[in-house]
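For the single chain, residues carry numbers from 1 onward in sequence order. Please read all numbers here as calculations on a predicted model, not as lab measurements.
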Amino acid sequence: MTTPKDPAHPDASKEVLAAKLASTASLIERMTALAVFVALLLGVFLVVKPFITGILFGGILAIATWPLRDFLVRHGLSTVLAASLLLLAAIATIGLPAVFLAPGLAERLVKGLQQAQTYFAGMPELPGWLANIPFIDEPIRRVWTDLADPSSIVQEVFKSYSAELQRALVEIAKAFADGIFQVLVSLAVATLLWLQGETIGHAIRDVTVRLGGDTAGAALDTAADSVRGVAYGIVGTAAIQAGLMTFGLLLAGVPGAAVLGFVSMLIALSQFGILLSIIWGGAGWWLFTLGQTGWAIFIVAWGIMVSTVDNVIRPWLVSFGAPLPLTLIIFGVLGGFLAFGFLGLFIGPTLLGVFVNLLDAWRRAAAPSASPEAVPPSGPSALAQGIAPAVQKDALAPGE
């Protein structure tokens, strides 16, 4: 018969000390492994930090165009051929315009601003064709009077902040030029995803499910819906408006149509569509001063159409993804530009869209028993409606 060892016995003390040492050693090993892992993550972050903007935009581009890529593959095109066609389209619509517009963009923007200042400093009369536009002739007349009157508050404010405005235009152009490298990175990332998207997608989903379960894996679809909603509804609408504006300017023979089209896209992205009137109004005035009254009337009518077409296009395009409130779009565009430069105009609202819709999906999943009236939808993301039933099923499983 054995008796328990006395804790005060030397052998028992040695065993306790050995256990404490082993526990301490194990803790040190785990902390060391964690520190090495954190250091590894930090190293990876420092390596990819210069390319973060390009990686984000490339991922957004690939996700937004994935339905088209999938359509091409399903209809007989090889993965390589589909990726090549999408790359050529991206180069034509994004790469080449960025490369050609970047040089001298700041000078052109500042020169245009100075020319406008010089013109209105001469107190010009309102052109007759502009004064006779139905329904908006009186507002146009008031704005024109304020612009042409040197003593008006508009002119005073404009003179006071003229230097700041010029510097802002230069900074915008500089950010656009700096974004050329990131555009090239984004095209490389998007091409990689177009080629190996299924493999990369499965790996990301597997890691996400391991970390957060099925609900976290399903949230990836919500994120994809959000990316497409912003890409189609916001960026797509702005691109269509810019394309239409550029086409009209080219048709009317207005010089610098490509630059003005780029500025139109920036204005459309910012959601201050009323500012597009500066583009088509200025072009109409220039044509009128040359005696081309017919083309002047055409570009004004065309500009009004372009300025209002987003009310028709955006709801249709947003229906293909998850929507985003207008206020967050504005914050996303401005904040994205400040954080990521030119490409941030697209990345900012996309990140906010993903965050808002993931938050909405989590809110719905966290209250599976709430009635539709108790939890009003704040954003109809397609996946958010599918997460709650899955959570309900998991919650009921132990009692079944």
Side-chain angles (χ1 to χ4, degrees), residues 44-45 47-102 176 178-210 217-240 242-243 258 262 265 317 319-322 340-347 350-351 353-354 382-383:
V44 171
F45 172 75
V47 170
V48 302
K49 182 181 178 181
F51 313 104
I52 286 179
T53 301
I55 292 172
L56 287 174
F57 185 71
I60 292 170
L61 181 62
I63 293 173
T65 58
W66 190 260
L68 177 58
R69 183 263 190 195
D70 193 44
F71 173 83
L72 294 175
V73 172
R74 283 189 288 105
H75 284 75
L77 271 69
S78 66
T79 302
V80 175
L81 183 56
S84 300
L85 291 176
L86 290 173
L87 176 60
L88 291 175
I91 292 174
T93 57
I94 300 174
L96 292 180
V99 170
F100 284 118
L101 286 176
F176 180 69
D178 293 342
I180 299 299
F181 172 72
Q182 299 295 345
V183 168
L184 298 178
V185 173
S186 68
L187 292 178
V189 171
T191 304
L192 175 65
L193 293 175
W194 287 325
L195 288 172
Q196 304 180 12
E198 289 91 351
T199 302
I200 297 174
H202 288 320
I204 294 175
R205 180 175 291 275
D206 179 63
V207 171
T208 304
V209 170
R210 287 174 181 268
L220 289 176
D221 296 328
T222 299
D225 283 345
S226 303
V227 170
R228 294 190 186 101
V230 175
Y232 299 160
I234 309 306
V235 180
T237 302
I240 291 174
F262 166 71
M265 185 180 68
L317 291 177
S319 66
F320 291 96
F340 299 102
F342 168 69
L343 292 182
L345 295 171
F346 311 95
I347 297 174
T350 303
L351 292 180
V354 171
L383 185 69

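The CG atom of Leu72 lies 8.0 Å from the CG atom of Leu81; values are rounded to the nearest 0.5 Å. Interatomic distance, CG of Leu87 versus OG1 of Thr65, reported as 11.0 Å (0.5 Å rounding). Rounding to the nearest 0.5 angstrom, the gap separating the OG1 atom in Thr191 from the CG atom in Leu86 is 8.5 Å. From Trp194, atom CH2 reaches atom CH2 of Trp66 across 10.5 Å, with rounding to the nearest 0.5 Å. Between the CG atom of Leu68 and the CG atom of Leu85 there is a distance of 9.0 Å, given to the nearest 0.5 Å. Here Phe57 contributes atom CZ and Leu187 contributes atom CG; the two are 8.0 Å apart, rounded to the nearest 0.5 Å.
When all heavy atoms of Leu193 and Gly58 are compared, the pair lying nearest together is CD1-O, 4.2 Å. For the residue pair Thr208 and Leu220, the shortest heavy atom distance occurs at OG1-CD1, 3.8 Å. Minimum interatomic distance between Val185 and Ile55 (heavy atoms only, all atoms of both residues): CG1-N, 4.3 Å.
Residues Glu198 and Arg69 are paired through a salt bridge, judged by an N-O separation under 4.0 Å between the basic side chain and the carboxylate.
Side-chain contact check for Leu61 versus Val189: every heavy-atom pair is 4.5 Å or farther apart. At a threshold of 4.5 Å between non-hydrogen side-chain atoms, the residues Phe71 and Leu77 do not count as touching.
Listed for the Gln182 side chain is a donor-acceptor partner under 3.5 Å among the backbone atoms of Pro50.
Residue Arg74 qualifies as enclosed at atom CZ: its count of foreign heavy atoms under 6.0 Å is above 12.
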> What do the steps show when you test Leu56 against Phe340 for side chain to side chain contact (heavy atoms under 4.5 Å, CB included), and what is the final call?
Replying inline: CA-CA 10 Å; Leu56 287 174; Phe340 299 102; 3.9 Å; yes
